[in-house]
Amino acid sequence: MAERAIEVQDVVRRKAAHLGEPGERWLTELPELIAHLERRWGITVGPALAGGTASYVARVRTADDRAAVLKLAVPEHDVTSQVRTIEDAAGRGYVELLAHDVDRHAMLLEALGPSMDQSDLPPERQIETLCATLRQAWKVRKPPGLTVTPAEEKARGLAGLVERLWERLDRPCPERVVARALEYAERRAAAFDLDRCVVVHGDPHPANALRVLADRAGAESGFVFVDPDGFLADPAYDLGVVLRDWCPQLLAADDAPRLARRYCRHLSAATGVDETAIWEWGFLERVSTGLYTLNFGAEELSRPILDTAELLA
């Protein structure tokens, strides 16, 4: 029997290739992995879906002819925390998990509709809906017996990433942008308070919020999240990630900082979370994400992010 043709998005292929031999092997063995999971889970894998940046995602039919989605993450991405977060959420703010294989970075998920970034909702309405969905997602229970400070490590980890990549990539944005990001990273690390933390999604941008196909408990906003990182942090971290987006709107604005501040106030008002914390996490996320995506060759993604960071610095 001829080997099936697997269509992997260019950005996913580049991310896998950037990992070297493990990523190349993952790409080569993808057809075999899909065939194994078809037999094991009694599914039929259909066409690939667009939208992911670190996973192969495809529509499937289950043995009882229900629609579902298969997600296979590139080797760099350990899905353990993602599986735990989605399981613990039990559908509240998150996609429902049907099956998983952590060792193979594989998940079988509830079928969902289009992502929010494909909707015609204006930015303010998207922000409101993301906040409503996050309020559900933040109900995930905290892991018991936690002795580390993940958000503090996250801030300092992002600072280290910014410093390393800025030099490695031959300083692709002004030094003042990096200096501001490092200042905010230190402030967010110093402000860490475990009692204020929730299990954050970690990357709740509009492309990670998908419309549910039917009304159900836990999805009252009409959307649920996919692809959580799932670690403890101040809710402001998630809201900073939301603020990180909106590059087309900011680049087209007569006064980008004023518009970004308006979005930030909107996020704060919708959640009761401190506006300054949201702004600082948002700027740090904007700079670190711009450099990270540029590092694996996705300049079409990174350049607008870095350009807006320069406007906001």
Side-chain angles (χ1 to χ4, degrees), residues 49 51-52 55 57 62 66-71 73 77-102 106-119 121 125-146 150-151 154 194-243 245 266-273 278 281:
L49 292 167
S55 303
V57 185
T62 64
R66 290 186 299 159
V69 169
L70 176 66
K71 176 185 174 183
H77 289 262
D78 183 359
V79 300
T80 303
S81 64
Q82 188 171 147
V83 167
R84 184 197 65 236
T85 301
I86 296 174
E87 277 190 314
D88 288 348
R92 290 177 300 179
Y94 284 105
V95 62
E96 293 186 328
L97 182 67
L98 307 179
H100 66 274
D101 184 332
V102 170
M107 289 179 282
L108 186 65
L109 301 164
E110 167 191 15
L112 298 168
S115 58
M116 191 180 296
D117 68 330
Q118 297 175 319
S119 73
L121 294 173
R125 181 59 180 149
Q126 290 189 50
I127 287 170
E128 291 170 8
T129 307
L130 288 168
C131 288
T133 310
L134 281 170
R135 288 196 298 270
Q136 284 279 14
W138 290 335
K139 294 177 182 178
V140 174
R141 65 179 177 86
K142 295 183 183 181
L146 186 75
K154 183 70 171 179
L194 187 58
D195 290 337
R196 201 170 57 234
C197 288
V198 298
V199 177
V200 296
H201 177 283
D203 199 20
H205 55 76
N208 275 341
L210 278 62
R211 189 178 292 279
V212 290
L213 298 179
D215 293 343
R216 67 166 176 81
E220 285 77 9
S221 73
F223 289 83
V224 291
F225 287 115
V226 298
D227 296 352
D229 294 329
F231 59 93
L232 283 181
D234 188 313
Y237 178 83
D238 267 349
L239 300 173
V241 174
V242 175
L243 185 60
D245 285 323
H266 205 40
L267 286 161
S268 178
T271 58
V273 175
I278 296 170
W281 275 121

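All residue numbers refer to positions in the sequence shown, counting from 1.
Scanning for side-chain hydrogen bond (donor to acceptor under 3.5 Å, both in side chains) contacts around E87 gives an empty result, with sequence neighbours left out. With sequence neighbours left out, the side-chain hydrogen bond (donor to acceptor under 3.5 Å, both in side chains) criterion links E110 to R216. Applying the ring-ring contact (aromatic ring centres under 6.0 Å, His included) test to F225 and every residue at least two apart in sequence or in another chain returns H201. For H100, there are no side-chain hydrogen bond (donor to acceptor under 3.5 Å, both in side chains) partners at least two apart in sequence or on another chain. T129 meets the side-chain hydrogen bond (donor to acceptor under 3.5 Å, both in side chains) test with no other residue; sequence neighbours excluded.
Pairing each heavy atom of P206 with each of D245, the nearest pair is CD-OD2, 3.2 Å. Across I278 and V273, no two heavy atoms sit closer than the pair CD1-O, 3.8 Å. Of all heavy-atom pairs spanning P204 and V242, the tightest one is O-CG2, 3.6 Å. Between A89 and Y94, the closest heavy-atom pair is CB-CD1, 3.3 Å.
A side-chain donor-acceptor contact under 3.5 Å links S221 to the backbone of F223. The main-chain N or O of A111 is never found under 3.5 Å from a side-chain atom of R66 such that the two would form a donor-acceptor pair. With R84 contributing its side chain and G230 its backbone, the two residues share a donor-acceptor pair below 3.5 Å. K139 places no side-chain N or O within 3.5 Å of a backbone atom of G93 that could act as its donor or acceptor partner. Between the N208 side chain and the D203 main chain, a donor and an acceptor come within less than 3.5 Å of each other.
W138 contributes atom CH2, which lies 6.5 Å from atom SG of C131 (distance to the nearest 0.5 angstrom). Separating the CG atom in L97 from the CG atom in D88 is a distance of 11.0 Å, to the nearest 0.5 Å. Taken from CG in L194 to CG in D234, the straight-line distance is 11.5 Å, to the nearest 0.5 Å. Distance CE/M107 to CG/L98: 11.5 Å, rounded to 0.5 Å. Atom CG of L210 is separated from atom CD of Q118 by 7.5 Å, given to the nearest 0.5 angstrom. For the atom pair CZ (R92) and CD (E220), the distance works out to 11.0 Å, reported to the nearest 0.5 Å.
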### Task
Could you go through the side chain to side chain contact (heavy atoms under 4.5 Å, CB included) check for V226 and V224 one step at a time?
CA-CA 7 Å; V226 298; V224 291; 5.6 Å; no
### Query
Between L112 and V69, does a side chain to side chain contact (heavy atoms under 4.5 Å, CB included) hold up when you go through it step by step?
CA-CA 8 Å; L112 298 168; V69 169; over 6 Å; no
### Task
Walk me through it: do V199 and L232 pass the test side chain to side chain contact (heavy atoms under 4.5 Å, CB included)?
CA-CA 5 Å; V199 177; L232 283 181; 3.9 Å; yes
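Looking at heavy atoms from C-beta onward, V95 lies in side-chain contact with I86 at the 4.5 angstrom threshold.
Under the side-chain hydrogen bond (donor to acceptor under 3.5 Å, both in side chains) criterion, the residue pairs touching residues 223-233 are K71-D227, with sequence neighbours excluded.
A side-chain contact (heavy atoms from CB on, under 4.5 Å) with L134 holds for exactly one of T271, D238, V241; it is D238.
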